[in-house]
Amino acid sequence: MTAEAPTAPAVSYGRLIPVTVHFDDLDALGLLHNARYPLMVERAWTELWNEHGVRFDGDWAAAGDACNAVRELRIGYEAPVTRPGTYAVHLWLERLGTTGLTYGFRFCSAEGTETYARGTRVLVRLDAATLRPAPWSETFRAVGRELLRPAG
């Protein structure tokens, strides 16, 4: 008898990135602190793009597509996270523009079936020298197109 390897959770669009809630992420009531949700989403987003070579290593001029800033963050909390453990962040793109994008996210159970929070975040790609909007690279856009949520 052989054991099967665990299968990765499936989502119909975007990516499901595992995250860990630690005991010290909980507030005095034993709930995941509201400020931790965006932090864990940011960490998942960073992990996803690091897989594609988009990263910041301390040099803004060399950062390319990693040179971006948050324009807007919206989040709604749907159910409390009440214990440490493995969860996931479901990430996808809602819109991919020339210099900006909007991504959607769900903080969810590890397999993606239960949603604790959801929201959107708008990013703007910046020119490192001027801090003005700049176009995403074609490499970035190609990966981004794979993450777009299907219309409908």
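The first residue in the sequence is number 1, and the count goes up from there.
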Please indicate whether Arg132 has more than 12 foreign heavy atoms, meaning atoms of other residues, nucleotides or ligands, lying under 6.0 Å from its CZ.
no
Partner of Trp49 by ring-ring contact (aromatic ring centres under 6.0 Å, His included), out of Phe56, Tyr103, Phe140, Trp136:
Phe140
Closest non-hydrogen contact found for Ala117 with Tyr77 is CB-CD2, 4.0 Å
Kindly give the heavy-atom pair with the smallest separation between Val89 and Met40, and that separation in Å.
CG2-O, 4.0 Å
What's the separation between atom OG in Ser109 and atom OH in Tyr87, rounded to the nearest 0.5 Å?
9.0 Å
Backbone of Asn50 reached by a side-chain donor or acceptor of Arg55 within 3.5 Å:
yes
Out of curiosity, does Leu123 fall in the hydrophobic cluster containing Tyr37 (side-chain heavy atoms, cut-off under 4.5 Å, transitive links)?
yes
Looking at Arg149, I'd like to know if its CZ atom is crowded, meaning that more than 12 non-hydrogen atoms belonging to other residues, nucleotides or ligands lie closer than 6.0 Å.
yes
If hydrophobic clusters are built by linking Ile, Leu, Val, Met, Phe, Trp and Tyr wherever their side-chain heavy atoms come under 4.5 Å apart, do Leu91 and Leu39 end up in the same one?
no
Joint cluster assignment, Val11 & Ile17, ILVMFWY side-chain distance < 4.5 Å
no
Please step through side chain to side chain contact (heavy atoms under 4.5 Å, CB included) for the pair Ser137 and Val54, ending with a clear verdict.
CA-CA 11 Å; Ser137 70; Val54 178; over 6 Å; no
Determine, using the 4.5 Å side-chain heavy-atom cutoff (strictly less than), whether Val21 and Leu16 are members of one ILVMFWY cluster.
no
I'd like to know if Leu73 and Leu48 are part of one continuous hydrophobic network [Ile/Leu/Val/Met/Phe/Trp/Tyr, side-chain heavy atoms within less than 4.5 Å].
yes
Return the CZ to CD distance between Arg15 and Glu146, rounded to the nearest 0.5 Å.
10.0 Å
Between OG1 on residue Thr115 and NE2 on residue His90, distance to nearest 0.5 Å:
9.5 Å
Could you give me the CA-CA distance, side-chain angles and deciding distance for Phe105 and Trp45, then say whether side chain to side chain contact (heavy atoms under 4.5 Å, CB included) is met?
CA-CA 9 Å; Phe105 62 87; Trp45 184 249; over 6 Å; no
Apply the hydrophobic cluster definition, ILVMFWY joined by side-chain contacts under 4.5 Å directly or through others, and give me every member besides Leu126.
Val124, Leu131
Shared-cluster residues of Tyr13, by chain and number - hydrophobic side chains joined below 4.5 Å
Trp92
Acceptor/donor pairs from residues 22-33 side chains to any protein atom, 3.5 angstrom cut, sequence neighbours excluded:
residue	atom	partner	partner atom	Å
Asp25	OD1	Arg36	NE	3.2
Asp25	OD2	His22	N	2.7
Asp27	OD1	Leu29	N	2.9
Asp27	OD1	Gly30	N	3.2
Asp27	OD1	Leu31	N	3.0
His33	ND1	Ala35	N	3.0

Under 3.5 Å: donor-acceptor pair, side chain of Arg106, backbone of Gly112:
yes
Could you check Phe107 against Ile75 for side chain to side chain contact (heavy atoms under 4.5 Å, CB included), going step by step and ending with a plain yes or no?
CA-CA 10 Å; Phe107 190 91; Ile75 187 168; over 6 Å; no
Closest heavy-atom pair and its distance - Ala88, Val19
N-CG2, 3.9 Å
Surrounding CZ of Arg71 (heavy atoms of other residues, nucleotides or ligands, distance under 6.0 Å), is the total greater than 12?
no
Report yes or no: does Arg125 contribute a side-chain atom to a donor-acceptor pair with the main-chain N or O of Gly64 at less than 3.5 Å?
yes
Determine, stepwise, if the pair Leu96 / Leu148 fulfils side chain to side chain contact (heavy atoms under 4.5 Å, CB included).
CA-CA 8 Å; Leu96 178 59; Leu148 280 169; 4.3 Å; yes
